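Here is the structure we will look at, set down as structure tokens.
Residue numbers begin at 1 in each chain, while the letters A, B, ... track the order of the sequences. Bear in mind that the values here come from a model prediction, so they are computed numbers and not experimental data. We use all heavy atoms of the structure for the numbers below, so side chains are in, but hydrogens, waters and symmetry mates are not.
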4 protein chains.
Amino acid sequence: MARLTRAESQARTRERLIASGRIAFARTGYVSASIEEIAEGAGFSKGAFYSNFATKEALALEIARFDTDEVVQATVTAIDHAKGNPDRMMANVAALARSLSENPDRYILRAELMLHAARSPGFAAAYQEQYIRQHQQITELIATLLYQLNVPPLSAPSVLASAVMALAQGHALLRPVGDPSSFAETLRTFLDTAVHRARLAAEVDKSLSTGQPRASSSEQPA
Amino acid sequence: MARLTRAESQARTRERLIASGRIAFARTGYVSASIEEIAEGAGFSKGAFYSNFATKEALALEIARFDTDEVVQATVTAIDHAKGNPDRMMANVAALARSLSENPDRYILRAELMLHAARSPGFAAAYQEQYIRQHQQITELIATLLYQLNVPPLSAPSVLASAVMALAQGHALLRPVGDPSSFAETLRTFLDTAVHRARLAAEVDKSLSTGQPRASSSEQPA
Amino acid sequence: MARLTRAESQARTRERLIASGRIAFARTGYVSASIEEIAEGAGFSKGAFYSNFATKEALALEIARFDTDEVVQATVTAIDHAKGNPDRMMANVAALARSLSENPDRYILRAELMLHAARSPGFAAAYQEQYIRQHQQITELIATLLYQLNVPPLSAPSVLASAVMALAQGHALLRPVGDPSSFAETLRTFLDTAVHRARLAAEVDKSLSTGQPRASSSEQPA
Amino acid sequence: MARLTRAESQARTRERLIASGRIAFARTGYVSASIEEIAEGAGFSKGAFYSNFATKEALALEIARFDTDEVVQATVTAIDHAKGNPDRMMANVAALARSLSENPDRYILRAELMLHAARSPGFAAAYQEQYIRQHQQITELIATLLYQLNVPPLSAPSVLASAVMALAQGHALLRPVGDPSSFAETLRTFLDTAVHRARLAAEVDKSLSTGQPRASSSEQPA
DNA sequence: GATGAATGAGACTTCATTCAT
DNA sequence: AATGAATGAAGTCTCATTCAT
């Protein structure tokens, strides 16, 4: 095996601590998760933690960065791989939503971080940067999707992005108290409806101009 | 002033502790809020707390009950006061959404409780009861609203209730990290759209049967 | 045995913690002495310590107060018991010096506190109050002594008080590095000299007026 | 510039660490000063520290040696430069006292070391060697001074040396708690008094033998 | 010789909880 | 019922020291 340089070795340590931290924060909560638990989960001592992060909050921030990177990357990929094809785009977005919401830990973790942000102004400011990055990317995803579907948006894409993010976040929190509904499902319904409506609208325009009757309006949900 | 009986006096103490607990849990977080802080906020000592609640979790549960009672009561009132009038119902629901989301502390508190539920099976079971009560009431509110608006639902009312609750919850969490969007606004948009669509659908049906042209489909958002 | 009231019981706890703290600070040093060590020395748990003192520094301050009280009290007694008699006063002061310097722990403790004062402005301000109390009392002791001995002072009594306190403090610190000299001895020498000089001066005055020779000036040290 | 040899380079590192250690011990205290702080102050890493000193205590010892060397050297110079002239000697001693006491850090540092000596027998033994060197040198300074002034000593010069060292040490510790008096001032007073007394004594002897009146005894302090 | 990541003991402090008053 | 002193476990963080690079 190739010997790791010192820098590589430390980067590995950091990565493991971050991974362990994500698990610990999600499982135990930001406040309750102990440095001991986090370090041990990564296979290190408490001291190693403090060699890599000044405080627990510093780790939380790094986790937020990591988490954002992942989501942004996945979003970019979803857009790029669709290559302008609306059907592929729909499928990609649905798959992305399912994949993200399939692991509720991500949203539990986010809830922890957001609650911490509500109490720590410093952390809030730093976390905000990450939030904005994600929000912009999702806004772009939505705008692209709507454009490709040729669907006039209900609201501005950035507002829709907020709504989508809130919905995903909220769903994850409702689950532990017994709510069986799923964000991916809800989103899927909206997407299908939007497409259906787009197609329907075109059809209606045509039928209006020819005087032919169309499908009943009860099939056209919102 | 009339002397309070022993029972009344204790009930008062409980109430104050519950009120203080809501504030403390929202401000400081469930884990970080100390019994001392809660008791002091109610004007009592730690001992008084333990005379009224076995543990911190027992208080959390009582708080959940209280919170649910408030929301259920407000929902019932919103339905009843509409007296079958769709416009009044629309206004009531919008007002309810605004009033609830105006105080983000309620949702911060709920996030705390939901996260705690994710870790404490006992608490989760107990909180679930409360959640179900709210969910049923909101389902009824939605069903009633849709019925009065004569709008065919996108999904089952109970699923819509979950979505609405998730959206409200999610929005509250997004705020501390800088998201400026508002749940009440989002909901309002949906409501208006739904009404618009309902009216439009009726008009379309009519125009179709008479052959008259209708407003362009681009005015029909989703 | 008489049952202790709650207040009495806590006062006892405080006293024991203070006593234990004095020992621990002197033996182990202010920084190194642990709350555990202090509490255990008093027969309590760490928690009991924090029920009585907010921080280690708060204990240090209480110790300073206690220490000052003792010294001030002893000084007052030394003055009062002399009842204006110069010989008794001399003996009292010498005894006081011996008794204080016989227990070097007091000065070790003081050195710890003074060093801490050099680093903690808050503590310095609070300790200063105690220092001033002692200094004033010792100034009074010295002024009284000089007056009764009818010795014109080398400097202002308050400056002499500083010198005496510094000397006592310094001697205690020199001991651990092997200096065998003693503050009490040094002070005794000064006192005897002062008296001797006072007597001598009177004699010289007399001899001058009668023309009788006196003892050689080489017997009159400084 | 000439390349430093390996040995020279290491000597430089040691010197810097010692200088940084003096500052750190004085500023932060022996116990609280961290190796990191010391190394960083010297522009090195912790590793460099441990390449030069086995433990923190080893550095303390080296610092003690350094400090002693400086004082001894200054004392020797003060004696030598006086070249037997009493007035110059007086001035030199006064200047030395002022220069030493002008930087209270030296005495803060010494207090730290002495307190550490009180707790570490090994360190005490080693520090004692340094103390003795200084004490002997100061004893010689005092003896020389008294001889040149032709003043019969109050006590043995070595005892006076202890007193002077204690006084200097004590004064430095009293300062942080607000004592405004100064060792240099105190010493100056003593020196002036001693000289005055020496001159006076000579005059008195003369006046006694001639029957002439002399200055009032109240001008002759002790 | 110098670096600094990692260790692990130990520090101060907080806090849910108990219990005598 | 209410108080609050005391407990003791647990948490965050510091730091002297080691050792591979």
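If you check residues 31-49 of chain B against DNA chain F, the residues with a heavy atom closer than 4.0 Å are B:F44, B:S45, B:K46, B:G47, B:A48, listed by number. Contacts with DNA chain E (heavy atom under 4.0 Å) in residues 50-59 of chain C: C:Y50, C:T55, C:K56, listed by number.
Atoms CG and CZ, on C:D69 and C:R65 in that order, are 8.5 Å from each other to the nearest 0.5 Å. Atom CD1 in D:I38 sits 11.5 Å away from atom CD in D:E40 (nearest 0.5 Å). Considering CZ of A:F123 and CE of A:M114, their distance stands at 9.5 Å, rounded to 0.5 Å. Summarising the geometry, atom CZ belonging to A:R110 is positioned 5.0 Å from atom OH belonging to A:Y127; distances are rounded to the nearest 0.5 Å. Expressed to the nearest 0.5 Å, how far CD of D:E112 lies from CD of C:E112 amounts to 7.5 Å. For the atom pair OG1 (B:T68) and CD1 (B:I63), the distance works out to 11.5 Å, reported to the nearest 0.5 Å.
A:Y50 is linked by a side chain to side chain contact (heavy atoms under 4.5 Å, CB included) to A:I35, counting only residues two or more places apart in sequence or in another chain. With sequence neighbours excluded, the residues forming a side chain to side chain contact (heavy atoms under 4.5 Å, CB included) with C:R14 are C:N52, C:F53, C:E62, listed by chain and number. For D:D105, the side chain to side chain donor-acceptor pair (under 3.5 Å) criterion is met by no residue, not counting sequence neighbours.
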- [ ] Take C:L115 and C:Y30, measure what side chain to side chain contact (heavy atoms under 4.5 Å, CB included) needs, and give me the verdict at the end.
- [x] CA-CA 9 Å; C:L115 286 172; C:Y30 175 72; over 6 Å; no
- [ ] Begin with the C-alpha distance, continue with both residues' side-chain angles, and end with the deciding distance and a verdict on side chain to side chain contact (heavy atoms under 4.5 Å, CB included) for C:L113 and C:D67.
- [x] CA-CA 11 Å; C:L113 297 181; C:D67 192 47; 5.8 Å; no
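For D:Y30 and B:Q10, each mapped to the nucleotide of DNA chain F holding its nearest heavy atom, the one lying further toward the 5' end belongs to B:Q10.
When rounded to the nearest whole Å, the span between CG of B:L17 and C1' of F:dA2 equals 11 Å. One can place CZ of C:R16 at 10 Å from P of F:dA6, the figure rounded to the nearest angstrom. The CZ-P distance, from B:R12 to F:dA1, rounds to 17 Å in whole Å.
End-to-end axis angle for the helix from E:dA2-F:dT21 to E:dT21-F:dA2, using five pairs per end and rounding to 10°, comes out at 0°.
Between C:T13 and F:dA6 there is a side-chain N or O to OP1 or OP2 distance below 4.0 Å.
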